[in-house]
Amino acid sequence: MPELPEVETVRIGLSSLLPGLQIKAVTHDWPKSFPNAPAEVAEFLIGARVSGVRRRAKVLIIDLDTDYSLVIHLKMTGQLVFRSTIAHFGAGHPNDSLIGNLPDKSTRVILTFFDGSKLFFNDQRKFGWMRLLPAAAVEQLDFFQKVGPEPLASDFTADDFIKRLRRRNKSGIKAVLLDQTVVAGIGNIYADESLWGAKIHPEVKVCDIPEALLKALYEALRSVLQLSIEKGGSTDRNYVNHEGKRGSYLTFARVFRREGRPCPRCGTTIIKMRVAGRGTHICPRCQRV
DNA sequence: CACTTGACCTGTCCGC
DNA sequence: TGCGGACAGGTCAAGT
């Protein structure tokens, strides 16, 4: 669920809060959430100061002044919530906050800083993880070696996009969009939204899609991702930002989670189907190619 | 090789 | 009300 716009929203939030903070303590209740703790934690995490927060694909990277980095993948239900003082560890406004007192039963890791603030890594389904790695080792991770380009990078062109799609010419377009080695950061929500935008059926093979439609898909994908970042991402069930607040993109979604409701373009009822093993939302009239 | 399926997990929702 | 099963869907590994 956290896809590129959700992780980017968290990055933006934490970038204004974490740099300069010094780590005092770490607790973790679920070994797989922090698999290489505690081996190197005492030496390279405790006492370290945060020097910056980055994102690559759906991965968040918290850089430390020990030349180590915390690499974090939220997978489906991960949350990173920052609370500045004990007084604020309680619930936020009920209208916009999905979580209350922290830690709660899905808290896996807590970073405590010397000023009393805390960063909570919550993960209901325990698929997410956090790893402490030498900064130089981060880009050597198998995932980063294979992951495709950032779709919002200024130098990522429609030609680049189409060339990469063409390498999977015989595969269905949705499966290709979800393949992180083709383009980074796209998940189920933005695959469905961008395919609707370009009027492409998710099961159509790449080789059967006209060039002009692939170019439209490039434009739709970039504008959907950009809009979602502006709206703070999508909150379907679990996603919250660094303040524990929901994102509002789904208010603007055209097809995702809108089965049974009219297509905003032609009024045809949106249907839900299964493509590439995922719940997939389409307008059966608009998306016929 | 490319695709599909299963595993990793928990919470929610639906039908009986 | 309780209970089993389907479903949610990011990524990797194993199977077809």
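- In this structure, A:R167 reaches neither bases nor backbone, as no heavy-atom distance under 4.0 Å exists between it and the strands shown.
- For the pair A:E193 CD and C:dG9 P, the interatomic distance rounds to 13 Å; values are reported in whole Å.
- Look at A:R278 and you'll find a side-chain N or O under 4.0 angstrom from OP1 or OP2 of C:dG10.
- Remark: the separation of the P atoms in C:dC7 and B:dT5 is 13 Å, to the nearest Å.
- To the nearest angstrom, C1' of C:dG10 lies 15 Å from CZ of A:R55.
- With respect to the salt-bridge test (charged N to carboxylate O, under 4.0 angstrom), the residues A:E8 and A:K58 do not qualify.
- Both distances falling under 3.5 Å, in either a Watson-Crick or a G-U wobble arrangement, place B:dT12 opposite C:dA6.
- Protein atom NZ of A:K272 is 6 Å distant from nucleotide atom P of C:dG9, rounded to whole Å.
- Spacing between atom CD1 of A:I72 and atom P of C:dG10 amounts to 19 Å, rounded to whole angstrom units.
- Straight-line distance from the OH atom of A:Y239 to the P atom of B:dG11: 21 Å, rounded to whole Å.
- For the pair A:L178 CG and C:dC12 C1', the computed distance is 15 Å after rounding to whole Å.
- Across all strands shown, the partner of C:dA13 is B:dT5, judged by Watson-Crick or G-U wobble contacts whose two distances both fall under 3.5 Å.
- Taking atom CG of A:D179 as the reference point, atom C1' of B:dA2 lies 11 Å away to the nearest angstrom.
- When the P atom of C:dG10 is taken as reference, atom CG of A:L60 falls 17 Å away, rounded to whole Å.
- An OP1 or OP2 oxygen of C:dG10 is reached within less than 4.0 angstrom by no side-chain nitrogen or oxygen of A:Q180.
- Using a 30° and 60° split on the angle between ring planes, A:H28 and A:F34 fall in the perpendicular class, above 60°.
- Comparing A:A57 and A:R257 by the nucleotide of DNA chain C that holds the closest heavy atom to each, the one mapping nearer the 5' end is A:R257.
- Using a 30° and 60° split on the angle between ring planes, A:F161 and A:Y218 fall in the tilted class, from 30° to 60°.
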For nucleotides 5-9 of chain B, give me every protein contact, N/O to N/O, under 3.5 Å, one pair per line with atom names.
unit_1, atom_1, unit_2, atom_2, d
B:dC9, OP1, A:K32, NZ, 2.5
B:dC9, O2, A:R125, NE, 2.8

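- Distance check on atom P: C:dG9 versus B:dC14 gives 16 Å, rounded to whole Å.
- Across B:dA7 and C:dG5, the matching P atoms stand 15 Å from one another, rounded to whole Å.
- Remark: side-chain polar atoms of A:R222 are paired, donor with acceptor, to backbone N or O of A:A153 under 3.5 angstrom.
- Side-chain N/O atoms of A:H73 include none lying less than 4.0 angstrom from OP1 or OP2 on C:dG10.
- Between C:dA8 and A:R274, a contact under 4.0 Å exists linking OP1 or OP2 to a side-chain N or O.
- Remark: A:R55 engages A:E150 in a salt bridge, criterion side-chain N to carboxylate O under 4.0 Å.
- Residue A:F256 is in sugar-phosphate contact alone, with no base atom involved, counting any heavy-atom pair closer than 4.0 Å across all strands shown.
- If you take atom C1' in B:dG6 and the same atom in C:dA6, they sit 16 Å apart, rounded to whole Å.
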**Request:** Before giving the answer on salt bridge (charged side-chain N to carboxylate O under 4.0 Å, His left out), spell out for A:D123 and A:K75 the whole-Å C-alpha distance, their side-chain angles and the decisive distance to 0.1 Å.
**Result:** CA-CA 9 Å; A:D123 186 15; A:K75 289 291 181 83; over 6 Å; no
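- A salt bridge is defined here as a Lys NZ or Arg NE, NH1 or NH2 lying under 4.0 Å from an Asp or Glu carboxylate O, and A:D192 with A:K174 meets this definition.
- Taking the six-membered ring for Trp and the full ring otherwise, the centers of A:F256 and A:H281 sit less than 6.0 Å from each other.
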